[in-house]
Protein chains: 2
Amino acid sequence: MPVTLKQLAARAHVHPSTISRVANHDPGQRIAPVTRQRIEELLRETEYRPNGVARGLKLRQTLVLAVVIPDITNPFFAALFRGVEDGASPHGYNVLLCNTDGSPERQRSHLQSLHARQVDGVILASSFLKDPAVRWLRQQRIPYVLVNRYSDQAHDPFVGSDDVVGARLATAHLAALGHERIGHLAGKATVSTGVLRRRGYLAALSERGLSTDPRLVIESGYTEEGGARAAQQLLSLDDRPTAIFAVTDMTAVGAFGAARRMGLRIPQDVAIVGYNDIPLASRMVPALTTVHVPIHDFGSAAARLLLEQVETGEPSRRRVIFNPELIVRGSTAAGAGDEPRLPTIGAKLR
Amino acid sequence: MPVTLKQLAARAHVHPSTISRVANHDPGQRIAPVTRQRIEELLRETEYRPNGVARGLKLRQTLVLAVVIPDITNPFFAALFRGVEDGASPHGYNVLLCNTDGSPERQRSHLQSLHARQVDGVILASSFLKDPAVRWLRQQRIPYVLVNRYSDQAHDPFVGSDDVVGARLATAHLAALGHERIGHLAGKATVSTGVLRRRGYLAALSERGLSTDPRLVIESGYTEEGGARAAQQLLSLDDRPTAIFAVTDMTAVGAFGAARRMGLRIPQDVAIVGYNDIPLASRMVPALTTVHVPIHDFGSAAARLLLEQVETGEPSRRRVIFNPELIVRGSTAAGAGDEPRLPTIGAKLR
DNA sequence: TAAGATAGAACAATCGTTTGTTCAATGCAA
DNA sequence: TTGCATTGAACAAACGATTGTTCTATCTTA
């Protein structure tokens, strides 16, 4: 059992409040230098650490944040979490991690639990458009930041990238390689990234004067399995696309598998572009061309935005938007292979 | 601000303790049915949830666990964490995640912070042999479970696999394929998995009557970079090994990269085996032969062992040991490729 | 030397719950 | 009607820390 203020007070023959004042360097009360010395020695000797729970109760501040995501085994969210912890830890915060598997019920139940625990703030990385959970967070006055996906109601504090721009980069790259039938493994219409990346895809097509065949857009969700299923469907069309833009790298991974199983070569038979540039992307064979976003920075920026709110006590409406960058790799290169090729069109080579 | 017991008491014209008793179905005190009804209705209407911090202070139980690992972006630890959360969440626990990057100082500082926060227990997945942090946990009487790596002092509660057996499986497999010079990218001598897997490797060699050239064992650590560096060194030897057993999949990934950069084909020029069977292993090209361990189960078993201690108040010395299984894939198969092949017993490769 | 200022520490309330104890009112039996 | 159970709810003391207020010496100053 750790030592308490009261026990120390008894040992030092002073009142607990005196110990507390020394421990906290309370400027509101003078302490005789000799007493201070004596108590400081005692604190060092006993390695006193204030009980965080009691402190949290009194100060109404727990120094605990929470990150709510679909699934930490998805490398995107793992990198995001690291960013959050790296941003919050130096300020004395610990971070709870909650996986929802994309289920609104689990999300809801986690949030309720977090609220009861009095966490100081929440980073939500899987919100839906018009997400009731977000509305709830706001009306409970729990500081929060949305990451990657936003919820369209009002103006939430948000960290992400410009999904329309990113998707347009990806699609334009395929078009510039000469592809005329470009498919899209799309996200859901209930999620901002789904809507915006689809919009960017369509915008790029029309800018290039390419027709937009609705059969070339299939909703895949965000899992590898969903990507595989949707890609298989897409590649079974009579006039199948020669290129695919997948809404995330994980769906692109699924598409890789589907293409392989159908005996199609990447990129000769079908070129594939992903989104996010997760670590796996550069290790695939061929390496995946994708839209790079600074995932770790998403996390630390979100932590910053959150701590800002926690410390001022004011809700924020700041948005931090990073610029997506196209990374050209083997999955779209003119000549197939493991190694990156020359980028086309102002793309960055990694 | 959430509603408190006192506020509810005022609204219901009863004493706070009465509300608390209704909310907790306290069997130690009779409540008049009519009063109970009235209060239950009020609880429902206001969606009352007890303040977890206050509750934690009074009951000395926070319903918070912590997982301390080197790095969540390592897929092994991500899967492990999922296991822990899946095991703990149904019992009402939330889980803090702490990344140490393998630094004893950061580990120490995290543990201190967790202790001050009064977490109910800690799952430690990166302990060293004779780890002072483990000793500290014990003497602070903080319930803990070690995962994957153990600390040799006394008999800690532990979840893992039999590393000697696993390493022997892997090495024997390479020997059975006809390899006679088998290298080892070894873990550190300060870590149980490092010692035991090396032991298993050596045991397999001597069982097969193969010589054990000390130059074929190079310490690589557990990172991709370390694996790449060590593999490059190994493969630069005059009589370089024709096969490598890497202490983890991530080091094997590093070895893949090094081999590629040296123009060596896998498995024709060098066969590679990893350990852990992380999701990435099966997606590499060629897919990685590896020793499968049930990572997610590690996590949930650890949660079980921990909750057991938390609930009984007794430290445990139980150990849960899973059996490792060899998964043969393309990185050691006679014919290279994405798909698993049958191992060709006794066939010379070069 | 008396009055007032000041230093230094104790006091006490509070955060929101839980839970053993006390207390008032009712019921029943003698 | 008195006495004693029994019921149902209030009371109060924690849990461990923080912080405004009060109190008691000691020290100035006139």
**Request:** Take B/Arg60 and B/Arg21, find for each the nucleotide of DNA chain D with the closest heavy atom, and name the residue whose nucleotide sits nearer the 5' end.
**Result:**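 It is B/Arg21 whose nearest nucleotide is closer to the 5' end.
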**Asked** Which sits closer to the 5' end of DNA chain D, A/Gln29 or A/Lys6, going by the nucleotide each is nearest to?
**Response** A/Lys6
Expressed in angstrom and rounded to an integer, what is the separation of [X] atom [atom1] from [N] atom [atom2]?
{"X": "B/His13", "N": "D/dC11", "atom1": "NE2", "atom2": "P", "value": "14 Å"}
{"X": "A/Leu5", "N": "D/dT18", "atom1": "CG", "atom2": "C1'", "value": "9 Å"}
{"X": "A/His15", "N": "D/dT24", "atom1": "NE2", "atom2": "P", "value": "15 Å"}
{"X": "B/Arg117", "N": "D/dC15", "atom1": "CZ", "atom2": "C1'", "value": "18 Å"}
{"X": "B/Ile39", "N": "D/dA10", "atom1": "CD1", "atom2": "C1'", "value": "12 Å"}
{"X": "A/Leu57", "N": "D/dA14", "atom1": "CG", "atom2": "P", "value": "17 Å"}

**Range on DNA chain C touched by chain B - first to last nucleotide, heavy-atom distance under 4.0 Å** =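 Footprint of chain B along DNA chain C, 5' to 3': C/dC15 to C/dT21.
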**Request:** Looking at every strand, decide which applies to A/Thr4 at a 4.0 Å heavy-atom threshold: base, sugar-phosphate, or nothing.
**Result:** sugar-phosphate
**Asked** For B/Asn24, which contact category applies under a 4.0 Å heavy-atom criterion: base, sugar-phosphate, or nothing?
**Response** sugar-phosphate
Using 0.5 Å steps for rounding, measure from the [atom1] atom of [X] to the [atom2] atom of [Y].
{"X": "B/Gln107", "Y": "B/Phe128", "atom1": "CD", "atom2": "CZ", "answer": "6.5 Å"}
{"X": "A/Asn148", "Y": "A/Ile295", "atom1": "CG", "atom2": "CD1", "answer": "8.5 Å"}
{"X": "B/Ile19", "Y": "B/Ile31", "atom1": "CD1", "atom2": "CD1", "answer": "9.5 Å"}
{"X": "B/Arg36", "Y": "B/Arg38", "atom1": "CZ", "atom2": "CZ", "answer": "12.5 Å"}

**Message:** Taking 4.0 Å as the cut-off, does a side-chain nitrogen or oxygen of A/Tyr48 come that near to OP1 or OP2 on D/dG16?
**Reply:** no
**Asked** Which listed nucleotide (D/dT7, D/dA17, D/dA10) is nearest to the side chain of B/Arg30?
**Response** D/dT7
**Asked** Can you tell which of D/dA13, D/dT18, D/dG8 lies closest to the side chain of B/Lys58?
**Response** D/dA13
**Message:** Closest-nucleotide mapping onto DNA chain C: is B/Pro50 or B/Gly28 further toward the 5' terminus? I mean the 5' end.
**Reply:** B/Pro50
**Prompt:** Can A/Arg149 be said to sit on top of A/Tyr222's aromatic six-ring, NZ or CZ under 6.0 Å from centre and within 45° of the ring axis?
**Reply:**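 Because its charged atom sits under 6.0 Å from the ring centre and within 45° of the axis, A/Arg149 does stack over A/Tyr222.
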**Request:** Could you tell me whether a side-chain N or O of A/Arg117 sits under 3.5 Å from a main-chain N or O of B/Leu63, the two making a donor and an acceptor?
**Result:**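 Such a contact is found between A/Arg117 side chain and B/Leu63 backbone.
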**Message:** Any side-chain to backbone donor/acceptor pair from B/Ser151 onto B/Asp131? Under 3.5 Å, distance only.
**Reply:**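 Confirmed, B/Ser151 side chain pairs with B/Asp131 backbone.
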